[in-house]
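Structure, as structure tokens:
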Amino acid sequence: MLTFDLLHTDPANADTGYAGSHARRGTLTLNHGVVQTPIFMPVGTYGTVKGVMPSSLEDMGAQIILGNTFHLWMRPGQDVMQSFGGLHGFERWNKPILTDSGGFQVWSLGAMRKITEQGVHFSSPVNGDKLFMSPEVSMQIQTTLNSDIVMQLDECTPYLSVEPKTKGQITTEREARTSMEMSLRWAKRSQDEFARLENPNALFGIVQGGMFEHLRQESLEALVAMNFPGYAVGGVSVGEPKDEMLRIMAHSPHRLPTNKPRYLMGVGTPEDLVEGVAQGVDMFDCVMPTRNARNGTLFTRYGDLKIRNARHKTDHGPLDPTCTCYACKGVTRPDGSVSGGFSRAYLHHLDRCAEMLSPMLSSIHNLHYYLNLMAEIRASLESGTFGAFRAQFKADRARGV
Ligand SMILES: Nc1ccc2nc(N)nc(O)c2c1
Ligand SMILES: [Zn+2]
């Protein structure tokens, strides 16, 4: 089940000369709860958002998280998931979950996989077993996972050709077309199997087409004709230059149905999220907040900082003075005492000592930064000030920390 209600848009304003944007504020109602959009979805590939307790995710306002069909199929396996009634019971998360179909992950296996019309043959990276992933298998596994949003099995068209004769060259229009058209056939097979399984959740189609707008147009028109309850734009954030990703982000999302949720897969930096909202995107996921946290790169309102830098060694201030997360502000207990609220000096020390708490606190901060950014965007859309918010965001981020 899925319903999507549009609450606010971002119209032009002749009086102020504001051009408006495709941004919109919505409410997504799913089987495990309601999600306020635009939204950022923390990535929990193996049934965990790396290093972050579910209670912390709830405290920072995470409304929906991601899981991955391929990884959970490899480990712990479909039978274990079945015994828990799905992923919610297994990882003890009672809000919505979106699962990616496995296409992108299997594609990433490189030489260890063979893509055919029927599906993808590959060797398990866990134990070497010969396995086969097809649209039907992906739907069967996602039905066992019982995720609120299921992604079709697609082929994530690479930015650089993987064909032996043209390896390393930019994927040609013909290669991108061949790949996109197969993803459309797999979209139909995913939809048919999803219906046959009587899955009660929502299946999204994924727009492909490489870096070619006319192929993107063909893909999205064909998918819209198949009447999915929501749509994703895939095939970006695959190593292409930033301006190429921005060009596709400017083409496809706002051409998808206004009354259905639009999800841009695997994107991106804080700047990408603000720009993506302006282009009509409702849902984002990216490993950047957690992955950068693990390598000591922290996002703040006034720019990014590397906690390993010696200049933080004696800094008594928080990562970000405007942040209200456990690492920056801490929590006030009923007796008035404060838990958390650490200095940059302490976080620098943890990083230098390679302490476990370092990536944990950095992940809490970075995820809180992303989720708070989306909350501020939602508030600006509610008050009709998204244009001003965008300008202030850019100015703040340029200040430097
Ligand atoms: N950048 C990404 C990330 C995840 C993806 N997942 C699927 N199924 N397809 C794509 O094209 C993706 C691209
Ligand atoms: Zn913080």
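Remember, it's 1-based here, ligands and their atoms both numbered in the order they're listed. Position 1 is the first residue of the sequence; numbering continues from there.
In this structure, Phe299 and Tyr369 have parallel ring planes: the angle between them is below the 30° cut-off, well short of the 60° mark. Below 30°, between 30° and 60°, or above 60°: for Phe122 and Trp73 the angle between ring planes is above 60°, a perpendicular geometry. Aromatic ring orientation, Tyr46 versus His71: perpendicular (interplanar angle above 60°, classes split at 30° and 60°).
Listed by chain and residue number, the protein N/O/S atoms under 2.8 Å of the Zn ion (ligand 2) are Cys323 SG, Cys325 SG, Cys328 SG, His365 ND1, with waters left out.
In this structure, Arg344 and His316 have side chains that are not in contact, with every pair of non-hydrogen atoms separated by 4.5 Å or more. In this structure, Gln78 and Leu72 have side chains that are not in contact, with every pair of non-hydrogen atoms separated by 4.5 Å or more. Looking at heavy atoms from C-beta onward, Phe393 lies in side-chain contact with Leu373 at the 4.5 angstrom threshold.
The N/O atoms of Ile206, backbone and side chain alike, include none that comes under 3.5 Å of an N/O atom in ligand 1.
Inspection of the Gln36 and Arg25 side chains reveals an N or O donor paired with an N or O acceptor under 3.5 Å. Between the side chains of Asn201 and Asn31, at least one donor N or O lies within less than 3.5 Å of an accepting N or O. Inspection of the Asn68 and Gln105 side chains reveals an N or O donor paired with an N or O acceptor under 3.5 Å.
Using a non-hydrogen distance threshold of 4.0 Å, Ser101 registers as a contact of ligand 1. Residue contact annotation: Gln105 has no non-hydrogen atom under 4.0 Å from ligand 1. Assignment of Met265 to the shell around ligand 1 is supported, since a heavy atom sits closer than 4.0 Å.
Ranking protein heavy atoms by distance to atom 12 (C) of ligand 1, first place goes to Phe104 CD1, 3.7 Å. In terms of protein heavy atoms, atom 10 (C) of ligand 1 is closest to Asp154 OD2, 3.6 Å. In terms of protein heavy atoms, atom 11 (O) of ligand 1 is closest to Gly235 N, 2.7 Å. Taking atom 1 (N) of ligand 1 as the reference point, the nearest protein heavy-atom neighbour is Val236 O, 2.7 Å. What sits closest to atom 6 (N) of ligand 1 on the protein, heavy atoms only, is Asp100 OD2, 2.7 Å.
For Met151, no heavy-atom contact with ligand 1 is shorter than 4.0 Å.
Each of the following atoms of ligand 1 lies closer than 4.0 Å to a heavy atom of Ser237: 1 (N).
Phe386 meets the ring-ring contact (aromatic ring centres under 6.0 Å, His included) test with no other residue; sequence neighbours excluded.
Because its NZ or CZ atom is not both nearer than 6.0 Å to the ring centre of Tyr231 and within 45° of the ring axis, Arg262 does not count as a cation-pi partner of that residue.
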